[in-house]
Structure formats: C-alpha cells, structure tokens
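Note that this is a predicted model, so its numbers are computed, not measured. All chains are named by letter (A, B, ...) in the order of the sequence lines, taking the proteins before the strands, and each is independently numbered beginning at 1.
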Amino acid sequence: MINALKTLRTLNPAKNLQGYAETCVYLLKNLTGQGLITEGAALHGHLIKTGISSERYIAIKLLMMYLDSRKSAEANEIIKDFNGFDLVVHNCLLNAYVQWGNLDLACKVFDEMPERNEISWTALISGFMKHGRVKESMWYFERNPFQNVFSWTAMISGYVQNGFSLDGLKLFLRLLESGVRPNEVTFTSVVKACAELRNFRLGASVLGWIVKSGFEDNVSVSNSSITLFLRMGEIDMSRRVFDRMEKRDIVSWTAILDMYVQMGELEEARRIFDEMPERNEVSWSAMIARYSQMGYPEESVKLFREMIREGFKPNISCLSIVLSTLAGVEALKAGMGIHGHAIKLGIGKNVYIGSSLVDLYSKCGEYKDGRLVFDSIAEKNVVLWNAMISGYSLNGEVEEAKKLLDVMPSPNNASWNSMISGYIDHKEFDEVFEVFNRMILSGIIPDQSTFSSLLSACANVASLEKGKDLHGKIIKLGIQYDVFVGTALTDMYAKSGDIDSSKRVFERMPEKNQFSWTVMIQALAESGFAKECLDLFDEMERMSLLPDELALLSVLFACSHCGLVDKGLQYFNSMATVYGVKPKGKHYTCVVDMLSRAGRLSEAEEFLNSMPFPPETNAWAALLSGCNRYKNEELAERTARKLCEIAEKRSAGYVLLSNIYASAGRWIDVTKIRKLMKENGSKKSTGYSWTEVRNKVHSFYSDGTHANSDEIYWILELLRSEMCIP
DNA sequence: TTAGGGTTAG
C-alpha cells in the first residue's frame, strides 16, 4: 500500500487519468479493508481537488468506504452525485445494510429495486445466513432466478456455519444434479461440512472429486483438507497435504498447530507457533485455547498477556477463551478486568462473552453478578441459558435453576444435565429421578453424561434396581461402551454391593481411563478384596497410568485390611516421590489405622506426632480403638485426652468420641460427653433412610418432613395395633 | 460465496 501511495505521487492525473484512477481505487479498497477511514477521507479531499472524485469507479469505492464505516452523511453526499439510484448503487446499499445487521432495511431496498442481478440476490441470501436466519435465506434462494455458483455456495457455506452441515451436504448434492459446477469455495465448505459431521466416507470421495476437478492445489481447499484429515485421525495425511502445498498462509500454519496438539506434542505446536512467518489474532487465540484445553491455564493467560503486549486486538473468540480459562481457575479479579475490557471494546453484551462471564461469576460464587450479565444479553442462546442454569446449580440455588429450565425456549441435553447434577451435588437424590422423568417426557434423549450422573445418584443411594434399569436403557441406546458410562456403571454396581457385576462391566470396557481404574481399585478395596485390589493397582502401573490420590488411598486401605503393613508403608513413602501425589490427611489416617490394627501402637503414635499438619480426628480415633483392642490403657488415656481437646472445638469430635467410648463399654464417659454436647448446643447431623416405591426414591428423616408424613405415621400406628405392640 | 481459533454441560 505504501508503494501505491508513492506511485500516486509520481502520477499526473492530467496526463494519465486512467492509471491515476486505478491507483486510487486500489488505495481506497485497501484503506477500507483496514479501517483506515481518516486516511481514506484525506484521499477523498485530494480527489475532489484533482476533480476526479465523481469518476464512477472512484465514487463507488468512496461510497463503499463510507458505508463500511457507517458514515451515512458522507455516503449520502456521494449518492447525490450519481444520476439516481442505479443497480450498482442499490447493491452497495444492500450490502451495507446486510453488514450492519439491518436486514429489514436491506429487504426494503431489495423490494424497491427496479432491476436486480445475481449480486443482489446473493447479498440477501448470504446476509440472512450470516445472521442465522436460515429459513428466510432458503426462501430467497428458491426464488432466485440467477442460481449460479455464488448463490449455491452462499447457501451451502451458510448452512455449515450455522451448524446445519447435513443440510449443507444435501444442498451440495442438489447442486451437482443442477449441472452448475462447484468452485474452490464450494469445495472448501463441503470439506468443512464433512469434517464437522465426521462423515469420513463422504469426505474421502469429496477429496477425490477435488483432485479430478483440479482444485487440489488451492490454498483454502488444502487448508480445510488438513482439518478433515485431522478429524479423521489421519495425522500423516494432514501432514502430507501441508508439506505438498506450494503456497501456505496463516490458516495453513494455524491448522497445522492442531496436528501437533493431537499428537500430544504441545511443545512442538508452540515451536511452530513461535516460528510462524506471520501471526494474527486467530493464531494467537488457537494457541491460547490449546494451552487452556490441555490443562495449562497459567501458560494460556501468559500467552494472552503477550498477545496484548505485541499490539494484537483480542476478538470475541479470544476473550471468551480467556474468560473461560480464568473461570476454570476461579480468578475472579482477573476475569473482572477482562469484563471491563470487553465493555470498552463494545462487545460486553455478546453471547459468547456473556456465557463465559456467567460461568466465571458463578464459579467464583458470585452467581448474582452472573445473573446481571445474563439479563443484560438480548440475544440469548442455549449455551447462555445453560451457563446460568449450571451457575445456579453450582451455588446450591437449585430452585432458581429449575425456574430457568421451566421458562427457557428450547432446553437441550446439557440444560437437563446441569439440573440433574445440581440435585446430585446437593444430595437431593429423589429429585434427580423426578427431573430425569420430566426430561424423557419432554422428548430429549439422554446422553452419556446424563447416565453417568444418574448412575452416581444410584450409587449414592445404593439403588441396585434402579441402576440395573438404567443399565438396560444404556444398552438400548448403544452407549454402554462409553468410558464415562462404563466407569459410572462399575462404580454403581460396586457401591450397591454387586461387586461381580462391577468387575464384569470393568473387564468389558473397550476403553478405560485413569478414573475407570481408580473406581475399580476403590471398589475392590472397599468390598474386602484386598489382594485383587493390589494386583489391579500393579496392572495399572504396568499400563503406565499414574494413580491419583484416591487410588493410592484405596491401596493403603487394602494393605491395612489384610495386614500388609510394611507394603502399605512402602506405598505411603513413595506417594510423593514416585507418584507425585502429596499425602493428605486421609492417607495419614489410613496409615495410623493400619499400624493400630496390627498392634504397632507406639509406631502409630509417633507417626501421628510427626505429621506436618494437624491430623484428622479420625486418626486419633483409629489409634484409640487400637489401644482398646490391644489393651494399652496408658496410651488410650493419652489419646482420649487428645480427642477431648479436639471434641471441644468441633461437634463431629464429640460424636466420634461418644461412639468410641460406647464401643469400649465406657458408659460413664459416654454420658459425660452427651451432657457436654447438650450444654454446648452442638447437634449431630441428622441421619436418614430411604426406600424406593414405583420408581421414586423417598427419603425419611426422623423429624417427619416427608410430604406424606401424616399418612405414614397413621399406617404405622395401624400396623402397630395389628402387631399388638403397646 | 471460503478455509484456521471460540461460550455452557461432561
């Protein structure tokens, strides 16, 4: 562009008007493209002086520039110079209104046009598509007398962009039947549709078609092919396409970043990113998103700061990625900073930004601020609604969540799933199945995550019947081989006491992850299969999967229960060094329990006293019960005193202490504790029971809060009198 | 008329 400016200075409009005008047109186009309107206006002034501002081609470019920057007054001035509104001027206006998002105005211009060409029709068709108004777009497309490649392609790419890839492909088939030849842009969109739908068979035949039609070397086509191959898992093929390209652009480089990420080589991706010949905000966003998705939030945010430092303007995508990263680490302050930034940029009310913000505020406990953001957004989509529903669920406001779910326009899987997990988090298990039934009635088909939530509810209430019923539904839907579902089934069966079924499900899982292994290991430990548990742990290690704190706790538990004290100590000592897991209170407690059960009481006491942080109350209790078992009165006294100290601070300590005294037969001490508790006003949390009647789980508390409480007690009285109990 | 990155749930 600088060269063009230099050329302009050397040209004399009096001598070479044609060349001068052409250079001006080029300059105006570029200035408009880069948003350099002040410079454009200066050039306009210069053109007036030269006397060629009314030259048709120049005037049109000037008009486009002013329309593009929404300078209506200036645009009107230019239009006055034209002899009425001809076709081109009308098309310029049409395009501008579409770009401004004012489709009503665009339609009015379109309707009033005395004549229309293919550009007018395509402008309107793609305009409706751009704003997600697919039906109206189709309406105009069907009536378009100029069905050329452009309007076909506008429709196809519009469908793909709006998430209707299948309709896009159907239209592509119609295009082929119509005899119109697809161009490189059509192919680019069609390949994208195949990638999106993971329809690899069709994808492969489209690629063959592309070669036959000679568009193989087109940059855009190659770029979309790289992504198609990546989605197909054909990493070598995507690399081959990239290597074969004669010309590569930012898009090609950005696409290849994903190849390395998919190969698990984030560092290599970073190297490519650092060495890319050219970067834009999309490449930056891609790298920032990858760091966040691969579990490196700090690195992601660091890169974002670097991007800003280098003078790149973050767009909506980029800000929403960063906001969701910050939400993940509950960085409220930093997130609020970005919120302010977004408002300044005028995109504070965008749905993408809004959804991330609702998520951020909710995850940080400020769900009321989340609601303010939610209310401020005019064009709400499902994602935003779901973000708010799960925000309420997360903060224990399940009733509010339910209210939203009831009024939202078209809830999907995720909406219902958020509601279900809200009830699970707050242990309202009878509500869980209630919501599930409503979900089914509303015609939404539950998915993997619905079932893994429901199964965890079954595991919590040990409802084997319901769990089996769900297992049947899962098989009917054909999702029994999903990792999440398999893991949840393993857990449900184990927690409901059916360890054989649990093992069977686990063994048949085609794909297992760290969680699946942990659940099975835990199940074996808690069901008393200590040896099998340890064997499975060894097997997990052989698969070079790193055990987490829960798996390690189960291993310690298993060792403790089959008397493998030294082996247990060995595992404990290698937790930090070998497995990189810092032992927590519960691990220490397990070791104390292990030592106490084996009668190694003084060792246990020493271990407790050498802990780097205060032990759990349970740890002292474990030692005390060891003392009782091995009749070590002296240590028992010392431990009991310690427990008393703790008990004074927390009600749980009292409860535990009184239970321990009770089991040791020290009834006088028990009464003392109960009295103390009464004086201090501490209350044990209420115990409850439940039963399942006609697919509904009923929970009972001794305080009679069940809805049918009166009726239940009445029946109970009746039964009592029948049984002749006074 | 286009390709690469993008919000919720899991």
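Phosphate proximity of dG6(B) to Arg290(A): present, with a side-chain N or O under 4.0 Å from OP1 or OP2. Residue Ser224(A) places no side-chain N or O under 4.0 Å from the OP1 or OP2 atom of dG4(B).
For His339(A) and Tyr361(A), the ring centers are positioned less than 6.0 Å apart. For Trp209(A) and Phe215(A), the distance between ring centers is not under 6.0 angstrom.
Of the candidates Trp121(A), Phe128(A), Trp152(A), Trp152(A) is the only one forming a ring-ring contact (aromatic ring centres under 6.0 Å, His included) with Phe141(A).
Judged by distance alone, with hydrogens and angles left aside, Asn315(A) brings no side-chain donor or acceptor close enough to the base of dG6(B) to form a pair under 3.5 Å. Between the side chain of Asn223(A) and the base of dA3(B), a donor-acceptor pair under 3.5 Å is found. Contact annotation: side chain of Asp258(A) to base of dG4(B), donor-acceptor pair absent below 3.5 Å.
Following rounding to the nearest Å, Asn183(A) (CG) and dT1(B) (C1') show an atom-to-atom distance of 7 Å. Remark: P of dG4(B) and CE of Met276(A) are 14 Å apart, rounded to the nearest angstrom.
Residue Asp249(A) is in base contact, counting any heavy-atom pair closer than 4.0 Å across all strands shown.
Side-chain atoms of Asn412(A) and Ser415(A) form a donor-acceptor pair, as typed in the model, at a separation below 3.5 Å.
Taking the salt bridge (charged side-chain N to carboxylate O under 4.0 Å, His left out) definition, one finds that Asp447(A) meets it with nothing, sequence neighbours left out.
With dG4(B), dA3(B), dG6(B) as the candidates, the nucleotide lying closest to the side chain of Ala289(A) is dG6(B).
Near-neighbour residues of DNA chain B inside residues 350-378 of chain A, defined by a heavy atom below 4.0 Å, number-ordered: Val351(A), Tyr352(A), Ser355(A), Ser356(A), Asp359(A), Lys363(A).
Classification of the Tyr367(A)-Tyr392(A) ring pair by plane angle, with boundaries at 30° and 60°, yields perpendicular.
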